[in-house]
Amino acid sequence: MHSHPLPSYLDPQHPGAWGMYLEQIDRVTPYLGPLSRWVETLKRPKRILIVDVPIELDNGTVAHFEGYRVQHNTSRGPGKGGVRFHQDVTLPEVMALSAWMSVKNAAINLPFGGAKGGIRVDPRTLSRGELERLTRRYTSEIGIIIGPTRDIPAPDVNTNEQIMAWMMDTYSMNEGATATGVVTGKPVALGGSLGRKEATGRGVFTVAQEAALRLGLPLAGARVAVQGLGNVGGVTARLFEQAGAIVVAVQDHAATLYKPAGLGVDALLAHATAQGSVHGFAGAEALPRDDFWRLPCDILIPAALEGQITATNAMHITARLIIEGANGPTTPEADDILAERHVLVVPDVIANAGGVTVSYFEWVQDFSSFFWTEDEINARLVRRMQEAFAAVWETAQTHQVSLRTATFIIACTRMLQARELRGLYP
Ligand code: GLU
């Protein structure tokens with residue numbers, strides 16, 4: 001074994017999301033057989049780009065923001081993963097998110113590696129014009145490493161179809177030709193795919209159905225708690241309610257609400273859209289933030305940010321089933337506590353893979369300039385998610401490991417097989 005000096009970005013005192021990911025890799029390594037000789041590859045991102053993003057604000061002053069694009073692994077294909085605009089974005093966080101994209105894409109067997117980008121900014125403080133200038137300058141700065149065959153961004157926290165349209169336009173202007181395939185999650189009028197917006201939530205719901213079936217837990221009448229009512233949490237909550245489940249609790253950045261009889265998802269989402277938060281929604285009990293993790297429920301859907309389910313709150317969780325809509329919501333210590341308490345966790349890298357799966361369909365449609373119907377897209381999405389879940393379930397049974405480690409076994413085996421077949425250059 002050769003010695004590997006610690007990379008500069010690793011702070012053992014504050015492991016954060018990247019530390020969580022490294023721990024997950026350590027847990028899968030014993031199951032990788034001879035391929036484990038390549039595992040160090042997965043502990044280092046292939047390529048990291050940090051960019052300064054200066055923009056002129058509406059008041060005439062110039063503001064600088066820090067932007068990132070990390071390509072974690074490209075053994076199986078171009079980089080693929082979203083772009084996040086958030087005031088707390090850091091480089092190690094984007095590194096972890098890019099690595100989870102590699103695992104996710106390999107777990108679903110999409111022909112992509114993993115990448116992620118972000119800007120350290122609170123987009124709520126920007127006007128629409130400032131947001132557009134920020135997006136365009138960032139796109140131009142990362143333009144030296146992205147492209148339809150190199151690395152394909154998509155929406156993530158606080159980014160949406162409009163931002164993808166500006167990214168596509170900026171890249172295309174610089175190239176001198178319209179390149180729809182450079183980003184996914186675009187508006188349908190610009191080469192986007194039907195069903196893409198709802199795809200992550202639909203995928204979360206599909207794996208929830210599969211997991212609940214295996215637990216003997218009927219969805220009709222099941223009590224559901226959702227953290228985060230963005231694109232993922234909102235669609236997921238709606239699909240659960242349509243299946244007869246009762247959404248009893250929600251938490252967003254501003255409020256925690258509980259109503260045992262059911263909150264009523266349509267009214268709740270309408271309130272959140274109008275007010276910017278669920279805060280003040282009539283008829284529900286408002287609770288302190290930490291109480292969210294103790295509320296009586298059968299299914300818990302973290303659909304916000306990473307590091308939410310921790311050693312501190314994992315012992316209070318009442319749900320039998322956790323479906324990770326967010327990326328990285330559960331720490332490895334919490335994973336152990338939940339396993340001991342027989343709470344089944346369907347990990348992010350399979351549970352929220354519906355979004356990037358339809359991103360793949362969008363990319364394929366853009367390349368062939370031939371577009372599919374929404375029914376075709378949804379049917380293919382559901383089939384792929386069901387097949388991937390079944391493979392993960394079987395691997396977990398075979399090795400007697402968690403669904404997270406099982407997903408990592410499948411994904412890391414695929415990535416490292418590709419690595420070995422390609423060989424080291426030069
Ligand atoms: N941001 C989403 C994720 O975390 C989607 C990425 C994509 O479609 O490329 O999976």
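Each ligand, and each atom within it, is numbered from 1 in the order the structure gives. Every value quoted in this text rests on a predicted model; they were computed, and no experiment measured them.
Contact between Lys116 and ligand 1 is present, with at least one heavy atom of the residue lying under 4.0 Å from the ligand. Note on ligand 1: Gly81 sits in its first shell, one or more heavy atoms being nearer than 4.0 Å.
Open room surrounds CD on Glu394; 12 or fewer heavy atoms of other groups in view lie less than 6.0 Å from it.
Residue contacts with ligand 1 for Met164 are absent, since no atom lies close enough (heavy atoms, distance under 4.0 Å). Residue-level proximity to ligand 1 for Asn327 is carried by the side chain, the only part with a heavy atom below 4.0 angstrom. If you look at Pro155 next to ligand 1, the close heavy atoms, those under 4.0 Å, all belong to the backbone. By the criterion of a heavy-atom distance under 4.0 Å, neither the backbone nor the side chain of Glu362 is placed next to ligand 1.
Using a 30° and 60° split on the angle between ring planes, Trp363 and Phe367 fall in the perpendicular class, above 60°. The aromatic rings of Trp372 and Phe361 sit tilted relative to each other, their planes meeting at an angle between 30° and 60°. Between Tyr21 and Trp100, the angle of the ring planes goes over 60°, which puts this pair in the perpendicular group of the 30/60° scheme.
Given atom 9 (O) of ligand 1, the protein heavy atom at minimum distance is Lys80 NZ, 2.7 Å. Looking only at protein heavy atoms, the nearest one to atom 5 (C) of ligand 1 is Arg196 NH2, 3.6 Å. Atom 8 (O) of ligand 1 has its closest protein heavy atom at Ser359 OG, 2.5 Å. Given atom 7 (C) of ligand 1, the protein heavy atom at minimum distance is Ala154 CB, 3.3 Å.
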Check the pair Ile323 / Leu321 against side-chain contact (heavy atoms from CB on, under 4.5 Å), numbers first and verdict last. CA-CA 7 Å; Ile323 315 283; Leu321 179 58; 3.8 Å; yes

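In the vicinity of Asp156, heavy-atom distances shorter than 4.0 Å reach the ligand 1 atoms 1 (N), 2 (C), 4 (O). Within the listing of ligand 1, atoms 3 (C), 4 (O), 10 (O) sit less than 4.0 angstrom from a heavy atom of Lys104. For ligand 1, the atoms closer than 4.0 angstrom to any heavy atom of Met101 are 3 (C), 4 (O), 6 (C), 10 (O).
His316 has its ring centre no less than 6.0 Å from the ring centre of Phe292.
The side chain to side chain donor-acceptor pair (under 3.5 Å) test with Asn327 is passed by exactly one of Glu93, Lys104, Glu306: Lys104.
No cation-pi contact links Arg133 to Trp166, judged by a cut-off of 6.0 Å to the six-membered ring centre and 45° from its axis.
A salt bridge is defined here as a Lys NZ or Arg NE, NH1 or NH2 lying under 4.0 Å from an Asp or Glu carboxylate O, and Asp348 with Arg404 meets this definition.
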